[in-house]
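Written below as structure tokens is the structure these notes are about.
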Amino acid sequence: MDNSCGQNCPISGNISRLEEQLGEYQAQNGESHREMYSRLNALETASAVIKVQYDSIMQKLDELAWKVGDLEQKPARRWEAAVGALIGAVVSGLAVYFMAKMGMA
């Protein structure tokens with residue numbers, strides 16, 4: 001406080017009270033800011049953890065999609081192999097039949 005009015009200043013009590021209140025408010029604001037930044041830091045940390053978990057889930061989902069696609073193709077490949085073997089057997093049987101008819105066998 002500036003003592004330019006001297007000892008008998010009529011507003012010196014008010015100024016002293018205001019200075020004390022200002023100090024209290026500044027202390028409260030400092031604490032509030034520390035708490036706010038602490039919470040913000042906790043949120044940033046939690047967000048980073050969630051991102052890592054999300055990335056891991058997405059990677060596993062991609063792997064599962066690839067495995068499901070592979071499993072979907074297996075019956076089709078087996079069917080194609082069975083049809084190919086059947087066609088080969090029919091063609092071989094027809095060839096043997098026609099050779100036998102012609103007297104080659």
Side-chain angles (χ1 to χ4, degrees):
M1 174 175 113
D2 186 17
N3 286 335
S4 61
C5 338
Q7 294 294 336
N8 296 327
C9 188
I11 60 170
S12 68
N14 289 340
I15 292 174
S16 294
R17 256 193 334 263
L18 288 172
E19 286 176 342
E20 289 175 18
Q21 286 178 350
L22 178 63
E24 290 173 6
Y25 289 143
Q26 286 176 337
Q28 287 174 355
N29 285 341
E31 173 125 0
S32 295
H33 287 146
R34 277 190 293 279
E35 183 180 336
M36 187 171 37
Y37 285 121
S38 174
R39 287 181 176 184
L40 183 60
N41 188 25
L43 286 173
E44 288 173 344
T45 303
S47 177
V49 168
I50 290 170
K51 183 179 181 338
V52 168
Q53 291 173 339
Y54 174 77
D55 290 342
S56 174
I57 289 170
M58 291 306 295
Q59 180 184 5
K60 289 178 182 176
L61 184 62
D62 288 342
E63 290 173 8
L64 286 173
W66 182 80
K67 288 179 181 179
V68 166
D70 191 39
L71 287 173
E72 286 176 343
Q73 291 177 0
K74 277 187 179 181
R77 281 182 273 178
R78 287 183 182 152
W79 178 252
E80 288 172 1
V83 169
L86 182 63
I87 291 173
V90 169
V91 169
S92 297
L94 287 174
V96 168
Y97 175 76
F98 285 122
M99 283 186 200
K101 280 288 196 180
M102 295 184 175
M104 299 175 120

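Applying the side chain to side chain donor-acceptor pair (under 3.5 Å) rule to pairs touching residues 83-102 yields nothing, sequence neighbours excluded. Pairs engaging residues 24-37 under the side chain to side chain donor-acceptor pair (under 3.5 Å) rule: E35-R39 [sequence neighbours left out]. Sequence neighbours left out, the pairs with a member in residues 71-89 that pass side chain to side chain donor-acceptor pair (under 3.5 Å) are D70-R77.
In this structure, S47 contributes its side chain and L43 its backbone to no donor-acceptor pair below 3.5 Å.
L94 meets the side-chain contact (heavy atoms from CB on, under 4.5 Å) test with V90, F98; sequence neighbours excluded.
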Under 3.5 Å, side-chain donor or acceptor atoms of residues 55-68 against the rest of the protein: list the pairs with distances, not counting sequence neighbours.
unit_1, atom_1, unit_2, atom_2, d
D55, OD2, K51, NZ, 3.0

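In terms of hydrophobic clustering, with Ile, Leu, Val, Met, Phe, Trp and Tyr side chains grouped at heavy-atom distances under 4.5 Å, M99 and M102 are assigned to a common cluster.
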